[in-house]
Amino acid sequence: MTNSIRKTKLSNGLTILLKEIHTAPLISSWMWYRVGSRDESAPRTGVSHWTEHMQFKGTQKFPAATLDKAISREGGTWNAFTYLDWTTYYETMPADKIDLALRLEADRMVNSLFDKKEVNSERTVIISEREGNENEPLFRLGEAIQHAAYRVHAYHHEVIGDKADLLTMTRADLYSHYRTYYVPNNAVLAMAGDFETGEILKRLRQLYRPIPKGHIPPRLLRPEPPAEGEIRLTVEGPGETTYAQIAYHFPQASNPDFYPLTVLDSLLAGPSNLNMFGGGGISNKTSRLYRALVDKEYAISISGGASVTIDPYLYVLSLTVHPRRKPEEALVQIDREIQRVQDELVSREEVARAIKQARAMFAYGSENITNQAFWLGYSEMFASYDWFLTYLDRLASVKPRDIQRVARLYLRPGNRVVGYYLPTGRSAA
Amino acid sequence: MAGRRKTTGSPRHSLPGPEDIFRSVLPNGITVLGRANFNSPSVVISGYTPAGSLFEADEKLGLADFTAAALMRGTHKHDFDSLYGALEAVGASLGFDSGLHTTGFHGRALVEDLPLLLNLLSETLRQPSFPPTELEKLRSQLLTGLSIRNQDTSDMAEMAFDELLFRDHPYARPEDGHPATVKAITREDIVEHHRRCFGPRRMVIALVGAVEPRKAAAAVEKVLGDWKNPDQPEEPRLPEFKPLNKTVERRVSIPGKSQTDIVVGSSGPARTDPDYLAASLGNSVLGQFGMMGRVGDVVRERSGLAYYAYSNLSAGVGPGSWTVSAGVNPTNVDKAVDLIVKELRRFVKDGVTRRELADSQANFVGRLPLSMESNGGVAGALINIERYHLGLDYYLRYPGLVKAVTTADVSEAARKYIDADRLAIATAGS
């Protein structure tokens with residue numbers, strides 16, 4: 001598989017990344033907008049996500065009723081995601097049908113209708129989405145932790161937004177958000193698959209060059225002040241199962257410490273899978289925290305993961321507490337393992353294992369064209385495609401001493417939020 | 001618009017067919033399937049042995065599930081830690097899951113680690129050690145899983161639906177059992193279940209990836225070719241399934257939930273029934289195509305009642321099910337159920353239009369390459385044609401089979417399986 005890509009910027013600021021892959025007659029196309037929940041403040045939390053929903057409600061050329069069917073009819077799949085830092089829309093189509101997706105994205109970058117009736121009908125859909133999330137103890141615990149960890153930075157609220165804002169959002173709020181941020185100079189178009197670069201670029205210029213550039217306001221920047229001490233919180237709710245999450249403030253993906261921290265995460269909680277598609281993870285049963293907590297029956301399961309973000313975000317250890325244990329007991333074991341990794345250098349063999357695991361997971365992810373296309377634009381959101389290309393090599397240059405340093409620097413109690421979900425024991429009849 | 005230039009090196013994907021699917025049956029009964037994909041540096045093994053929950057008594061419900069999970073807790077050569085140590089050291093994975101009729105396995109590794117993967121598969125299948133302390137750890141984990149399941153509105157609605165629809169039939173029972181039954185399972189039960197039910201007859205294994213199929217098959221024969229189990233039972237015959245003769249409802253109360261899950265439906269075809277494809281296309285129109293078909297349109301788009309509302313056809317070895325599911329605010333449950341029943345009635349009475357059918361046919365055919373993109377996708381496809389005896393040329397014939405279905409076929413299938421006055425309606429939530 002070649003790693004060569006073609007990167008271009010149109011005169012209106014639209015960045016285009018193209019990667020030819022000829023192993024299957026498929027093309028995956030992703031349109032990324034540099035706007036997400038980090039750009040929101042009350043009373044408009046959730047506006048980016050709602051805008052994403054409205055993008056499926058039609059333009060004049062592609063009315064709502066025909067829009068959803070057009071892609072499916074061609075045997076394509078499509079979806080969209082809103083995250084902290086970005087919003088993205090993708091289509092994966094048989095190669096000879098991709099033009100539909102290209103025309104669709106060009107059209108809805110500018111011409112989405114945001115019909116008022118549709119806005120109101122979508123209000124209850126999104127509230128329903130939120131209510132479905134609220135059924136999950138870990139969503140409620142995660143939301144509480146996020147709020148506690150970020151008092152100032154707009155990372156403090158969930159992408160879906162607070163219900164108070166979902167109830168009062170207006171068409172004007174949504175439409176103004178759309179017109180502000182959905183402009184070519186705030187977007188990245190990335191495609192991977194069975195096309196010829198020169199040909200596809202010609203077509204992209206034809207479709208996208210006429211779209212005028214817009215004035216994008218500077219992104220909301222309210223840096224979170226350094227944590228001044230550990231925060232502990234509890235969330236109570238139905239059920240019989242206790243959960244714990246411990247969230248440490250981690251650096252952003254572009255910080256060089258991200259690599260030793262990734263290796264540290266692998267050793268503590270098993271390798272994380274950064275692929276959005278097709279990768280699939282591997283088990284973590286020989287990781288340090290699994291052995292200390294699950295094998296020793298303080299926890300039923302444990303997982304860990306950092307996020308790849310523009311500003312510093314959270315590294316979260318998440319566990320289901322063993323029914324015979326209290327969450328505080330599990331925390332003592334976690335602290336013991338963290339102390340160990342701060343006091344003693346990890347072995348070179350362990351580091352080598354973590355690298356091999358990362359290599360394997362990237363290999364698994366490479367089978368999937370949608371995943372390959374995903375990486376093109378995704379890496380541009382917080383860094384550049386070089387980040388993806390150099391990732392494994394940079395991981396491979398991590399030394400045990402680096403891991404010790406970052407463990408001491410970031411895995412401090414004063415730098416974390418500890419949250420417990422405590423069941424009130426009212427279970428189903 | 002899009003070029004279709006060929007690269008030098010590995011050939012492009014085409015749909016799997018008799019030219020490139022390898023199939024052989026070992027003397028002990030294991031069917032081996034293989035297809036090469038040298039575009040990928042990895043390999044997937046996937047398959048099943050016919051040991052499922054159908055064999056188990058009511059009091060020990062969850063036995064097959066417990067046994068499947070227990071296979072990975074240690075073997076005669078590897079304890080739990082060294083078993084996972086070997087896999088995780090090279091970024092490989094191996095796991096088991098069980099269903100009604102089979103216990104399935106799925107593994108993945110970089111191609112140089114295929115021998116390791118096959119050795120561990122053989123060990124875990126043939127000589128698991130079931131260490132008592134590991135079983136008790138696993139039991140705690142399974143019981144916690146059941147506690148979590150009992151709080152999950154979607155899981156509980158589906159469980160209630162199966163009980164309403166299937167009643168005395170074995171399909172009514174949840175494969176993961178209940179807390180009381182999982183607590184009652186002993187190590188002896190697990191050992192005996194494994195001894196009796198696991199064996200090479202009617203086992204299927206598929207290998208897909210950067211390995212020449214004949215070589216892969218030889219490697220399988222080396223580790224599994226001498227496996228024998230003379231006690232392996234024949235598949236027990238399923239009792240007759242009696243359709244519902246009136247609508248039945250159950251509401252499962254789970255306090256403190258913001259959303260209620262609804263499952264409405266009836267029985268559906270078995271995978272090998274001649275009207276399966278017609279039902280599948282009908283299901284696409286009903287609640288899959290585009291933004292979840294007619295159901296999505298009515299319940300989500302037009303009424304704004306749900307973030308998800310869709311239909312599903314579940315078709316396997318025995319009688320299947322045909323359901324519509326949605327997640328709604330507790331105050332909207334009755335309204336949503338009414339809308340769903342109304343759509344089912346319309347679907348049965350009016351069928352689908354030629355345009356609707358053509359759209360879904362185009363979707364079924366067009367999306368095939370995407371489903372075969374990865375090694376896992378191809379392995380699943382091979383297992384599928386073997387399990388249901390569809391033929392090695394199935395995916396080559398598939399477009400023709402799909403296009404041959406008529407609106408009359410869809411109507412007939414709808415009328416055969418769905419009666420809007422004889423539905424199972426299950427909800428779970430506050």
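The model shown is predicted, which means the values in this text are computed figures rather than measured ones. Naming: A, B, ... by sequence-line order, numbering from 1 per chain.
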Contact origin within [X] toward chain B - heavy atom pairs under 4.5 Å:
X: A:Ser287; answer: backbone
X: A:Ile369; answer: both
X: A:Leu26; answer: side chain
X: A:Arg291; answer: side chain
X: A:Tyr243; answer: side chain
X: A:Arg324; answer: side chain
X: A:Lys57; answer: side chain
X: A:Thr241; answer: side chain
X: A:Asp295; answer: both

Judged by atom type as modelled, is there a donor-acceptor pair below 3.5 Å linking the side chain of [X] to the main-chain atoms of [Y]?
X: B:Gln259; Y: A:Asn135; value: no
X: A:Glu134; Y: B:Ser258; value: no
X: A:Glu131; Y: B:Val328; value: no
X: A:Thr124; Y: B:Gly304; value: yes
X: A:Ser121; Y: B:Glu301; value: yes

Note to self: If the threshold is 4.0 Å, N to carboxylate O, is there a salt bridge linking B:Arg302 and A:Glu118?
What the structure shows: no
Notebook entry, point to check: Is the shortest heavy-atom distance from the side chain of A:Lys356 to the side chain of B:Asp113 under 4.5 Å?
Noted result: yes
Next item on the list: Taking the side chain as every heavy atom from C-beta outward, state whether A:Glu240 and B:Gln151 have any atom pair closer than 4.5 Å.
Entry: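 Answer no - side chains too far apart.
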Note to self: Assess the residue pair B:Glu356 and A:Lys69 against the criterion (side-chain contact (heavy atoms from CB on, under 4.5 Å)); give the C-alpha distance rounded to whole Å, side-chain angles, the decisive distance to 0.1 Å, and a yes or no.
What the structure shows: CA-CA 10 Å; B:Glu356 283 176 315; A:Lys69 296 182 174 52; over 6 Å; no
Checklist line | Which residues share a salt bridge (charged side-chain N to carboxylate O under 4.0 Å, His left out) with A:Glu129, sequence neighbours left out | finding: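 Salt bridge (charged side-chain N to carboxylate O under 4.0 Å, His left out) list for A:Glu129, sorted by chain: empty.
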Next item on the list: Give the intermediate values and the outcome of side-chain contact (heavy atoms from CB on, under 4.5 Å) for residues A:Arg130 and B:Tyr307.
Entry: CA-CA 9 Å; A:Arg130 200 192 140 98; B:Tyr307 173 59; over 6 Å; no
Notebook entry, point to check: Among B:Pro369, B:Ala89, B:Ala358, who wins on heavy-atom pairs under 4.5 Å with chain A?
Noted result: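 Greatest number of close heavy-atom pairs with chain A: B:Ala89.
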Check: Relative to chain A, which of B:Ser303, B:Gly376, B:Ala109 shows the most heavy atom pairs under 4.5 Å?
Finding: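 Highest number of heavy-atom pairs under 4.5 Å: B:Ala109.
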Check: Going through the distances and angles, do B:Gln141 and A:Ser301 end up as a side-chain contact (heavy atoms from CB on, under 4.5 Å)?
Finding: CA-CA 8 Å; B:Gln141 293 170 14; A:Ser301 65; over 6 Å; no
Notebook entry, point to check: Contact part of B:Leu305 toward chain A, heavy-atom cut-off under 4.5 Å: side chain, backbone, both or neither?
Noted result: backbone
